[in-house]
Amino acid sequence: MKKIIFSLLLTIGVINTASAVEGNADAGKTKAASCASCHGATGISAIGTFPNLAGQKAAYIVKQLADFKSGARTNMMMAPMAANLSEQDMADLAAYFSIQKRTSEEAVASDDSSAPATASAAGSVEIVTSTTAKGLYAGDVKAGQEKSVMCASCHGADGNSLIAIYPKLAGQSASYTAKQLANFKSGERVNSIMAGMVAGLSPKDMDDLAAYFAVQTPTAGQGEGSDIGHKLYFGGDVNKGITACVACHGVKGKGMAQAGFPALAGQNAAYLKTQLTSFRSGSRGNDRNNMMRNIAIKLSDSDIDELVNYMSSLK
Ligand code: HEC
Ligand code: HEC
Ligand code: HEC
């Protein structure tokens, strides 16, 4: 009897150190939806600094997730992703990714050739948190100011639009703004008002305008705030496959300029709502690798309302 209990204890001990809970790959597949925007749906990432997870050893994946959660391994994108994962979630995710094939064909096939060159060259994307939301700008601020006269009626002279359906541009990263202007011109982002505004702009005009608005100070948001929105923003929802917004848009909603993630803090609520709804329906589809569409499609109307109330209240 003693012997049996002893060997039982031993076995449990061994299982415990390998992995505390048994993973289920099917459950993991569903939960992996919130990882897809960065690691790819099957664990083959399209971005140089985001690791492939396909074919990785399950126990290693579980350990890394536990370390990101405990803080033993630090990474500003993975910390919020791991924060809400249970041991079961980690085991399921690891089970799913570990059995995926390690081939890069899919990543190549899904790589958007129209994406900025910085993103497609492996390893060339440097993710840096921008605390000021001011990008690295190619443009000339002074020249941008002169050209911005025709934008002022809707976006405000300093980029702080007073009309809720028009976005604030003040403090937005220059790289993001310049990309939007180019997208309106090429038709990748569809809006009839803005299409007319950008038709005559050269790439240099776009850079100048973007630089001018990037150095303006955004006014505080008018949003009322939301606890539910706050929770979703920081934690996402692993069961619904919603990636935490904080991973890309930052702790204070200031975005990450070099990665092309826009600032959202204090943005006009009505505008934010239109954008999330447009990403959800696919009518806005200028997000590289479907980053926002994959997330927005999982958001309910009330999720959107709560998130918008939260983001528009950020200073
Ligand atoms: C916003 C982008 C983003 C999202 C979303 C994301 N990750 Fe990551 N992940 C990263 C980055 C960047 C790294 C590399 C971290 C580093 O450099 O230390 C990483 C690293 C990892 C690693 C370590 C890999 C290794 O080889 O050491 C694991 C495991 C992982 N992620 C799992 C996940 C899982 C599971 C999810 C979904 C629940 C997820 N990630 C969602 C960006 C993301
Ligand atoms: C007549 C009003 C109007 C004028 C004038 C106007 N815009 Fe806009 N702008 C809009 C609207 C409406 C949107 C939202 C489009 C959408 O919903 O996709 C927008 C969106 C934008 C965006 C996207 C912001 C984001 O956060 O993604 C940028 C950048 C922008 N405008 C820059 C400019 C610039 C630069 C000018 C001047 C050259 C200009 N706009 C002139 C109405 C205007
Ligand atoms: C994997 C990174 C990533 C995550 C996670 C993410 N976003 Fe985004 N988001 C982006 C990118 C990239 C864009 C800009 C797309 C483009 O180039 O036009 C964007 C754009 C937006 C915009 C439009 C901003 C504007 O000025 O037009 C809103 C609103 C938004 N995101 C909200 C959210 C919310 C809410 C969440 C969480 C539920 C979230 N995002 C999670 C990457 C992300």
Side-chain angles (χ1 to χ4, degrees), residues 28 31-39 43 45 47 49-53 56 60-65 67-68 73-78 80-82 84-85 89-90 93-94 96-97 127 144 147-155 159 161 163 165-169 172 176-181 183-184 188-194 196-198 200-201 205-206 209-210 212-213 229 232-233 236-238 242-249 255-256 259-264 267 271-276 278-279 283-284 286-289 291-292 294-296 298-299 303-304 307-308 310-311:
K31 293 170 182 173
S34 62
C35 324
S37 48
C38 297
H39 294 289
S45 134
I47 301 174
T49 50
F50 296 175
N52 291 342
L53 302 177
Q56 184 54 277
Y60 175 79
I61 295 180
V62 169
K63 179 176 184 300
Q64 299 315 307
L65 292 173
D67 286 353
F68 284 127
R73 180 170 172 183
T74 51
N75 178 265
M76 71 186 177
M77 287 189 215
M78 281 307 300
M81 293 311 305
N84 285 346
L85 298 178
D89 293 334
M90 293 181 190
L93 287 160
Y96 171 69
F97 284 118
I127 313 281
K147 293 169 186 170
S148 73
V149 176
M150 65 193 223
C151 322
S153 56
C154 297
H155 294 289
S161 150
I163 306 162
I165 55 165
Y166 300 141
K168 289 182 186 175
L169 307 176
Q172 185 60 274
Y176 171 79
T177 297
K179 175 182 181 286
Q180 301 311 307
L181 295 173
N183 288 169
F184 283 126
E188 282 162 87
R189 181 170 172 183
V190 183
N191 180 268
S192 54
I193 301 176
M194 280 307 300
M197 296 309 304
V198 297
L201 299 182
D205 295 334
M206 294 180 189
L209 285 160
Y212 171 68
F213 288 117
L232 254 179
Y233 185 92
D237 185 335
V238 75
I242 300 171
T243 309
C245 321
V246 67
C248 296
H249 294 289
M256 295 177 196
F261 304 151
L264 307 168
Q267 183 57 277
Y271 171 75
L272 287 173
K273 185 168 176 169
T274 329
Q275 299 314 305
L276 287 175
S278 307
F279 280 129
S283 64
R284 178 168 171 185
N286 66 329
D287 51 328
R288 192 160 48 80
N289 298 326
M291 271 189 206
M292 276 309 299
N294 283 339
I295 293 166
K298 317 247 173 53
L299 298 174
D303 291 338
I304 291 183
L307 280 164
V308 161
Y310 175 68
M311 295 182 294

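By convention here, the first residue in the shown sequence is residue 1. None of these values were measured; they are calculated from a predicted model. Every number for a ligand or one of its atoms is a count from 1 in the order of the listing.
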message: A33: which residues meet the side chain to side chain contact (heavy atoms under 4.5 Å, CB included) condition with it, sequence neighbours left out?
response: K298
message: Side chains of L272 and V308, heavy atoms from C-beta outward: is any pair under 4.5 Å?
response: yes
query: Does M78 bring an N, O or S atom to within less than 2.8 Å of atom 8 (Fe) of ligand 1?
result: yes
task: With the side chain counted from C-beta on, respond yes when V238 and L85 share a heavy-atom pair under 4.5 Å apart, and no when they do not.
output: yes
task: Hey, could you give me the CG/CG distance between L209 and L169, rounded to the nearest 0.5 Å?
output: 9.5 Å
task: Report the part of K147 (side chain from C-beta onward, or backbone N, CA, C, O) that has a heavy atom under 4.0 Å from ligand 2; answer both or neither where that applies.
output: neither
- line: Within the 4.0 Å heavy-atom cut-off, what L181 brings close to ligand 2 is side chain
field: Enumerated ligand 2 atoms positioned under 4.0 Å from heavy atoms of M194
entry: 6 (C), 7 (N), 8 (Fe), 9 (N), 10 (C), 13 (C), 19 (C), 20 (C), 21 (C), 30 (C), 31 (N), 32 (C), 33 (C), 39 (C), 40 (N), 41 (C), 43 (C)
message: Would H39 count as being in polar contact with ligand 1, using the rule that some N or O on each side must be under 3.5 angstrom apart?
response: yes
Would you tabulate the polar-atom pairs, meaning N/O of ligand 3 against N/O of the protein, with distances under 3.5 Å, reported to 0.1 Å?
{"from": "ligand 3", "atom 1": "7 (N)", "to": "H249", "atom 2": "NE2", "distance (Å)": "2.8"}
{"from": "ligand 3", "atom 1": "9 (N)", "to": "H249", "atom 2": "NE2", "distance (Å)": "2.9"}
{"from": "ligand 3", "atom 1": "17 (O)", "to": "K179", "atom 2": "NZ", "distance (Å)": "2.7"}
{"from": "ligand 3", "atom 1": "18 (O)", "to": "Q180", "atom 2": "NE2", "distance (Å)": "2.9"}
{"from": "ligand 3", "atom 1": "18 (O)", "to": "R284", "atom 2": "NH2", "distance (Å)": "2.8"}
{"from": "ligand 3", "atom 1": "18 (O)", "to": "N286", "atom 2": "OD1", "distance (Å)": "3.4"}
{"from": "ligand 3", "atom 1": "18 (O)", "to": "N286", "atom 2": "ND2", "distance (Å)": "3.1"}
{"from": "ligand 3", "atom 1": "26 (O)", "to": "Y176", "atom 2": "OH", "distance (Å)": "3.3"}
{"from": "ligand 3", "atom 1": "27 (O)", "to": "Y176", "atom 2": "OH", "distance (Å)": "3.0"}
{"from": "ligand 3", "atom 1": "27 (O)", "to": "Y271", "atom 2": "OH", "distance (Å)": "2.6"}
{"from": "ligand 3", "atom 1": "27 (O)", "to": "R284", "atom 2": "NH1", "distance (Å)": "2.8"}
{"from": "ligand 3", "atom 1": "31 (N)", "to": "H249", "atom 2": "NE2", "distance (Å)": "2.9"}
{"from": "ligand 3", "atom 1": "40 (N)", "to": "H249", "atom 2": "NE2", "distance (Å)": "2.8"}

- prompt: Out of N294, D303, L307, which one pairs with I242 under the side-chain contact (heavy atoms from CB on, under 4.5 Å) rule?
  reply: D303
Which of the ligand 1 atoms, numbered from 1, are nearer than 4.0 Å to a heavy atom of I61: 29 (C)
task: Report yes or no: does H155 have an N/O/S atom closer than 2.8 Å to atom 8 (Fe) of ligand 2?
output: yes
Y271 vs K168, side chain to side chain contact (heavy atoms under 4.5 Å, CB included): CA-CA, chis, key distance, verdict: CA-CA 9 Å; Y271 171 75; K168 289 182 186 175; over 6 Å; no
query: Below 4.5 Å, heavy atoms only, C-beta onward: do M197 and L181 meet side chain to side chain?
result: no
- request: Might you confirm whether atom NZ of K273 has over 12 heavy atoms from other residues, nucleotides or ligands at distances under 6.0 Å?
  value: no
- request: Can you sort out which atoms of ligand 2 are near M150, meaning under 4.0 Å from one of its heavy atoms?
  value: 5 (C), 38 (C)
query: Is L65 touching ligand 1 with its side chain, its backbone, both, or neither, if touching means heavy atoms under 4.0 Å apart?
result: side chain
query: How many angstroms lie between atom NE2 of H249 and atom CE of M311, to the nearest 0.5 angstrom?
result: 7.5 Å
- request: Kindly indicate whether the side chain of L201, heavy atoms from C-beta on, has any atom under 4.5 Å from the side chain of M150.
  value: yes
query: Which of the atoms in ligand 1, numbered in the order shown and given with their element, are less than 4.0 Å from a heavy-atom of R73?
result: 15 (C), 16 (C), 18 (O), 23 (C), 25 (C), 27 (O)
- line: Value for CG (D287) from CG (N183), rounded to nearest 0.5 Å, stands at 10.0 Å
